[in-house]
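See structure below.
It should be emphasised that the depicted structure is a prediction, and the values quoted were computed from it without experimental measurement.
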Amino acid sequence: MKQFILLFITALLCTETLSGEEPGTIPVAARRDSDDSLWITYQAQTVESILGYTSSQDPPLSRFGGYITDWKQEATGFFRTEQKEGRW
């Protein structure tokens, strides 16, 4: 999980492009864990370069900024995760 978070943050911060990189990719520096001092640069694929990918529109927002959906859950008073229609 630490690797993913580190890789994601690095990808967001990386705005420069390297000459000779493939179209639809960006260079991302990552390390194996927080104790590792060796950073390795990888080419990460951008969402726009994935064949067949189309983004969907977000549902409308409520006055509080949350999504207005018909997903009603039983109130238990505790935070929990629940799978609904195949999604978490």
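Taking OG1 of T41 as the reference point, atom CD of Q43 lies at 8.5 Å (rounded to 0.5 Å). To the nearest 0.5 Å, atom OH of residue Y67 and atom CG of residue D58 are 3.5 Å apart. Taking CZ of R80 as the reference point, atom CD of E74 lies at 7.0 Å (rounded to 0.5 Å).
Residues L38 and R31 form no side-chain contact, since every pair of their non-hydrogen atoms from C-beta on lies 4.5 Å or further apart. Side-chain contact between T46 and I26: present, with at least one pair of heavy atoms (C-beta onward) separated by less than 4.5 Å.
S62 meets the side-chain contact (heavy atoms from CB on, under 4.5 Å) test with F64, I68; sequence neighbours excluded.
Smallest separation of non-hydrogen atoms from Y42 and A30: CE1-CB, 4.3 Å.
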